[in-house]
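In this text the structure is predicted, and so the values were computed from the model without any measurement.
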Amino acid sequence: LLFAFVVAPTAFTALPSAELAGKIVGPVLRSLNLYGMAAGPALALLAWRLGRSKLLVALPLILGLAACVSEFGITAAIEGIRPLAFGSPPDTAALQRFGELHRVAVGVFTLTGAGTVVLALLHAWADAGDRRTR
């Protein structure tokens, strides 16, 4: 949430160029994706060991897979066409494709963020239920 609502918008408004902002935002997004790829299986294993529902085991795996697709699919494709899209002169077809891929990347990031909030809420609900039964 901090990345989506603070880091990325601040970089693109405070820095003198979108290229420079992208050089900051890109590595942060990569770190978030790598963290998601590692956290997904770890959280799924923890949920399984706690005896949580199949949903609470599967959801972090799905979120980790989304991070993997984002990093190695969408982001890799964006990086591949960035030089054409923003070259001199810019390639209009590549610029259009860049915009499409960026929208998909934002959508995946938004769904992953929402899924993470849902995961936390479902675990909180399960924890509250565990306390009531004790």
Side-chain angles (χ1 to χ4, degrees):
L1 290 172
L2 181 67
F3 174 79
F5 291 110
V6 178
V7 175
T10 301
F12 281 95
T13 53
L15 295 173
S17 71
E19 181 182 356
L20 186 57
K23 286 183 179 188
I24 291 173
V25 168
V28 174
L29 183 57
R30 179 175 178 81
S31 295
L32 289 171
N33 283 332
L34 293 174
Y35 171 79
M37 286 182 250
L43 292 172
L45 179 62
L46 181 60
W48 175 72
R49 296 277 302 170
L50 289 171
R52 296 289 164 90
S53 69
K54 289 179 183 177
L55 175 63
L56 289 175
V57 173
L59 187 53
L61 293 174
I62 293 167
L63 295 171
L65 180 60
C68 190
V69 167
S70 176
E71 183 62 31
F72 299 115
I74 303 164
T75 300
I78 286 173
E79 292 306 315
I81 65 165
R82 182 184 305 276
L84 293 172
F86 297 101
S88 182
D91 181 307
T92 53
L95 192 56
Q96 181 179 357
R97 181 71 179 141
F98 178 92
E100 293 166 357
L101 287 168
H102 186 266
R103 282 188 291 282
V104 170
V106 169
V108 169
F109 189 81
T110 300
L111 288 174
T112 302
T116 302
V117 170
V118 167
L119 181 65
L121 292 173
L122 289 173
H123 273 291
W125 188 9
D127 286 344
D130 289 348
R131 280 190 213 100
R132 281 188 295 243
T133 58
R134 280 190 231 151

*Give every residue pair that meets the salt bridge (Lys or Arg N to Asp or Glu O under 4.0 Å) criterion with at least one member in residues 4-16, sequence neighbours excluded.*
none
*Return each pair, listed once, that meets salt bridge (Lys or Arg N to Asp or Glu O under 4.0 Å) where at least one residue sits in residues 26-44; pairs must be two or more places apart or across chains.*
Arg30-Glu71
*Using the test salt bridge (Lys or Arg N to Asp or Glu O under 4.0 Å), find all partners of Arg52 that sit at least two apart in sequence or belong to another chain.*
Asp127, Asp130
*Going by the salt bridge (Lys or Arg N to Asp or Glu O under 4.0 Å) test, which pairs reach into residues 100-126, not counting sequence neighbours?*
Arg97-Glu100
*If only atom types and distance count, is the side chain of Ser70 paired as donor or acceptor with the main-chain N or O of Ala66 below 3.5 Å?*
no
*Do you reckon Phe12 sits in the same ILVMFWY cluster as Leu101, going by side-chain contacts under 4.5 Å, direct or chained?*
no
*Using side-chain hydrogen bond (donor to acceptor under 3.5 Å, both in side chains) as the criterion, list what pairs up with Arg82, not counting sequence neighbours.*
Glu79
*Taking a hydrophobic cluster as the set of Ile, Leu, Val, Met, Phe, Trp and Tyr residues connected by side-chain heavy atoms closer than 4.5 Å, whether directly or through intermediates, do Ile78 and Leu95 fall within one such cluster?*
yes
*Give a yes or no on whether Leu65 and Phe109 share a hydrophobic cluster (residues Ile, Leu, Val, Met, Phe, Trp, Tyr; joining criterion: side-chain heavy atoms under 4.5 Å apart).*
no
*Pro41 versus Leu61, closest heavy-atom pair with distance*: CA-CD2, 3.8 Å
*asked:* Could you report the tightest heavy-atom contact between Pro27 and Gly22, atom names first, then the distance?
replied: CD-O, 4.1 Å
*Could you tell me which non-hydrogen atom of Ala85 sits nearest to which non-hydrogen atom of Pro90, and how far apart they are?*
O-CB, 3.2 Å
_Applying side chain to side chain contact (heavy atoms under 4.5 Å, CB included) to Phe98 and Leu84, what does each step give before you reach the verdict?_
CA-CA 9 Å; Phe98 178 92; Leu84 293 172; over 6 Å; no
*asked:* So Val108 and Ile74, do their side chains get closer than 4.5 Å, heavy atoms only?
replied: yes
*asked:* Running the 4.5 Å side-chain criterion over Ile, Leu, Val, Met, Phe, Trp and Tyr, what cluster does Trp125 land in, apart from itself?
replied: Leu43, Leu55, Leu56, Leu59, Leu63, Val118, Leu119, Leu122
